[in-house]
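Throughout, protein chains are lettered first and strands after them, A, B, ... in sequence-line order, and every chain is numbered starting at 1.
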Amino acid sequence: MGVRVRFAPSPTGELHVGGARTALFNWLFARKHQGVFILRFEDTDIERNRLELIEPILESLRWLGLLWDEGPYFQSQRLSLYQEWAKRLLSEGKAYKCYCTPEELEKKRQAALAAKQKPRYDGHCRALTPSQEQRFISEGRKPALRLKIPQSGTIVVEDVIRGRVEFDLAELDDFIILRSDGRPTYNFAVVVDDVTMGITHVIRADEHLNNTPKQILIYHAFGEGLPVFAHVPMVLAKDRSKLSKRHGATAVFEFRDRGILPEALVNYLARLGWSHGDQEIFTVQELIENFSLSAVHPSAAIFDEEKLCWVNQHYLKTSDPHGLGELLRPFLVKLNIMSEAEAHAVPSGRLAQIVVLFRERAKTLIELAEPARYLLTDTVSYEPEAVQKFLTPEKIELVRGLAEALAVVEPFTASELERATRAYLEQQGKALKDMAQACRVALTGRTAGAGLFETMELIGRERVIARLRQASAKRLEQFHV
RNA sequence: GUCCCCAUCGACUAGCGGCCCAGGUCACGGCCCUUUCAAGGCCGAAACGGGGGUUCGAAUCCCCCUGGGGACGCCA
């Protein structure tokens, strides 16, 4: 039988990087084995589910390129299926009705916790007499369904990543599979789905390892064979705790909005907890070819944004400039550099030039788009310290002289500009380094940037001449000297 | 409290008994290149948590401790 795997998020929040990595591992495994990648929403918790989160999760997966072959399925639409399967267990005597109320159970749990005991259902309703049951019914109690589990023995989980893990049945109890309102509980719905969907490999986060013996018990009750289990380690924040909002960016969308490329996030996430020798950079194709569950490192990994940025810059430096240029447009708007119409109107060749010029200095698309402000518009913000330090009266004279020298350069290209500038400087008895920074500050307002002449070419003759001529005015403006 | 998982530089990891006085990558420091900032090149600092075993030999196998994480719901 072919490989069938699933990614099963619950729509209670945005897709975060931990979930994305679980999805990625499933997807890679499916692609590698020509299998089927199924998407399923585990949305049986009516209180916490939010329908409006479904589309963003789908969009996050699409953005990452993790397209599903089947689904999305919704557990909320399969309720009758779970009920049927639960009734089957009831009629076979493998499950029983429990009339205990949530309040009664909560009381017992608190008592157990207070006594430093493991909370465990006491089997109160396991063998109710007809009259006892009749009394509960007449009290108006609605029963939940519990699985009747063996009283002793061990359950063995064979995990591809962790090896053999044993659980003592004394640690488990007769857990609820169907709530009193007819909705299935997590563990039950998962197994019914995994069985009916023909899932062959369950690849999910580590935190579910403890659920696995319960689920195995359900497989046993159904008389179904087990899938292969693989529990992937968690992704932790810098402080080694579970990744959460207070740790800054955790959602896939946040990284997209920060200008991280999907291929970079995929590459980084794949290398988090998995490796293939010393290789750091992988194309998706290489990932598919080399991925294997047994090579997944068993320990939790810390999410390191700096390394993500390094990977991102790698893709910035190696991807097609025209393609990257197009990705810049929305950022031009978001960064208030220009209006949407203006951003749309920028020739794609100009954007590609910016990419080529700045990709080695930018970690993200935001950093790549930022220089467009002084490159493509008249908005130049002058850093006071830069003006103070480099636009001295002497330098301003040099720069203004350069303006006149460059006014006639034809064509207005980096190489011609450099030739003309060097000629001008030679005539003035100066070296390039005597004026370069003053010139850069006059043109861009800052001290750091791309090559001076390439920058001039991109800014264009008119603006270059104007900014060089205005150099002294800038100093006056800021320091009132 | 009980159960489960994990443990190599600050981080991601290589290592699956001798090739390791531990290799690569990010970050960090220095030098070179240079009109700035980067990028790039070269160099450097930096780890097998502790204790017992097993073995001729242990980062690698076993046990204990410690530390970190997770689970124990009519949440998922």
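- A salt bridge links A:R141 with A:E104: at least one charged nitrogen is closer than 4.0 Å to a carboxylate oxygen.
- Counting any heavy atom pair closer than 4.0 Å across all strands shown, A:C309 reaches no nucleic acid atom.
- Mapping A:H208 and A:D239 onto RNA chain B by nearest heavy atom places A:D239 at the nucleotide closer to the 5' end.
- Comparing the C1' positions of B:rU54 and B:rA22 gives an interatomic distance of 23 Å, to the nearest angstrom.
- Residue A:I176 is classed as a base contact, given a heavy-atom separation below 4.0 Å to a base.
- Counting any heavy atom pair closer than 4.0 Å across all strands shown, A:R446 reaches no nucleic acid atom.
- Comparing B:rC5, B:rG40, B:rA11 by their closest approach to the side chain of A:I302 singles out B:rA11.
- B:rA59: no Watson-Crick or G-U partner with both key distances under 3.5 Å is found in any strand.
- Using Watson-Crick or G-U wobble geometry with both donor-acceptor distances under 3.5 Å, B:rA7 finds its partner in B:rU66.
- As rounded to the nearest Å, B:rC26 and B:rC42 have P atoms that lie 12 Å from one another.
- The partner of B:rU54 is absent, by the rule that a Watson-Crick or G-U pair needs both atom distances under 3.5 Å.
- At the heavy-atom level, A:S180 lies under 4.0 Å from base atoms of the strands shown.
- Taking atom CZ on A:F229 and atom P on B:rC4, their separation rounds to 18 Å, with Å as the unit.
- Rounded to whole Å, the distance from CZ on A:R240 to C1' on B:rC6 is 10 Å.
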Original post:
What does nucleotides 24-36 of chain B look like as a protein-contact string, B for base, S for sugar-phosphate only, - for none, at under 4.0 angstrom between heavy atoms?
Top reply: BBSS-------BB
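- Under a cutoff of 6.0 Å and an axis angle of 45°, A:R40 and A:F74 do not form a cation-pi pair.
- Within 4.0 Å of A:K238, counting heavy atoms only, lies no atom of the nucleic acid at all.
- Residue contacts for A:H231: at a heavy-atom cut-off of 4.0 Å it reaches no nucleic acid atom on any strand shown.
- Of the candidates B:rC4, B:rG68, B:rG1, B:rG1 carries the atom nearest the A:P119 side chain, counting heavy atoms from C-beta on.
- Residues A:R183 and A:Q83 form no side-chain contact, since every pair of their non-hydrogen atoms from C-beta on lies 4.5 Å or further apart.
- Here A:E280 pairs with A:R271 in a salt bridge; the nearest charged N to carboxylate O distance falls below 4.0 Å.
- For the residue pair A:Q75 and A:D43, no side-chain donor N or O sits within less than 3.5 Å of a side-chain acceptor on the partner.
- Contacts of A:T12 with the nucleic acid, taken as non-hydrogen atoms under 4.0 Å apart, are absent.
- Checked against B:rC74, B:rA38, B:rC3, the side chain of A:E360 finds its nearest nucleotide in B:rA38.
- Residue contacts shown for A:N211 include a base, since a base heavy atom lies under 4.0 Å away.
- At a threshold of 4.0 angstrom between heavy atoms, the contacts of A:L105 include nucleobase atoms, whether or not backbone atoms are also involved.
- Among the protein residues, A:F167 comes within range of the sugar-phosphate backbone only, with heavy atoms under 4.0 Å from sugar or phosphate atoms but none that close to a base.
- Of the inter-residue distances, the one linking A:Q388 atom CD with A:E383 atom CD reads 13.0 Å to the nearest 0.5 angstrom.
- As rounded to the nearest Å, B:rU25 and B:rC33 have C1' atoms that lie 23 Å from one another.
- One C1' atom belongs to B:rU8, the other to B:rG29, and the distance between them is 23 Å to the nearest Å.
- Taking 4.0 angstrom as the limit, A:K97 places none of its side-chain polar atoms (N or O) nearer than this to OP1 or OP2 of B:rC74.
- A salt bridge is absent between A:E171 and A:R120; no separation between the charged side-chain nitrogens and carboxylate oxygens falls under 4.0 Å.
- A close approach under 4.0 Å does occur between a side-chain nitrogen or oxygen of A:R109 and OP1 or OP2 of B:rC74.
- Note that A:R440 lies outside the cation-pi zone of A:F390, set by a 6.0 Å cut-off to the ring centre and a 45° limit from the axis.
- Across all strands shown, B:rU2 is found opposite B:rA71 as a Watson-Crick or G-U wobble partner, with both distances under 3.5 Å.
- Nucleic acid contact for A:P102: base, since at least one base atom lies under 4.0 Å from a heavy atom of the residue.
- Across all strands shown, B:rC16 has no partner, as no Watson-Crick or G-U wobble contact with both distances under 3.5 Å is found.
- A:F303 and A:F255 have their aromatic ring centers within a separation under 6.0 angstrom.
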Original post:
Given A:L145 and A:Y96, is the side chain to side chain contact (heavy atoms under 4.5 Å, CB included) satisfied, shown in steps?
Top reply: CA-CA 6 Å; A:L145 241 47; A:Y96 60 91; over 6 Å; no
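- B:rC64 and B:rU2: their P atoms are spaced 15 Å apart (whole Å).
- Checking the phosphate oxygens (OP1, OP2) of B:rA76, a side-chain nitrogen or oxygen of A:T44 falls inside 4.0 Å.
- In this model, no donor atom of one side chain and acceptor atom of the other lie less than 3.5 Å apart for A:Y186 and A:N211.
- Between A:F282 atom CZ and B:rU13 atom P there is a gap of 12 Å when expressed in whole angstrom units.
- In this model, the phosphate group of B:rC74 is not approached by any side-chain N or O of A:T185 to a distance below 4.0 Å at OP1 or OP2.
- Across B:rC4 and B:rC16, the matching C1' atoms stand 24 Å from one another, rounded to whole Å.
- In this structure, CD of A:E166 is placed 14 Å from C1' of B:rC5, rounded to the nearest angstrom.
- At whole-Å resolution of the value, CZ in A:R204 and P in B:rG70 are 18 Å apart.
- Spacing of P atoms, B:rA27 relative to B:rG68, comes out at 29 Å, to the nearest Å.
- Between B:rA58 and B:rG44, the distance separating the two C1' atoms is 29 Å to the nearest Å.
- Base pairing annotation: B:rG44 forms a Watson-Crick or G-U wobble pair with B:rC28, both donor-acceptor distances under 3.5 Å.
- Nucleotide B:rC74 holds its P atom 11 Å from the CZ atom of A:F175, rounded to whole Å.
- Between the C1' atom of B:rG73 and the CD atom of A:Q110 lies a distance of 11 Å, rounded to the nearest Å.
- Taking atom CG on A:N312 and atom C1' on B:rA38, their separation rounds to 16 Å, with Å as the unit.
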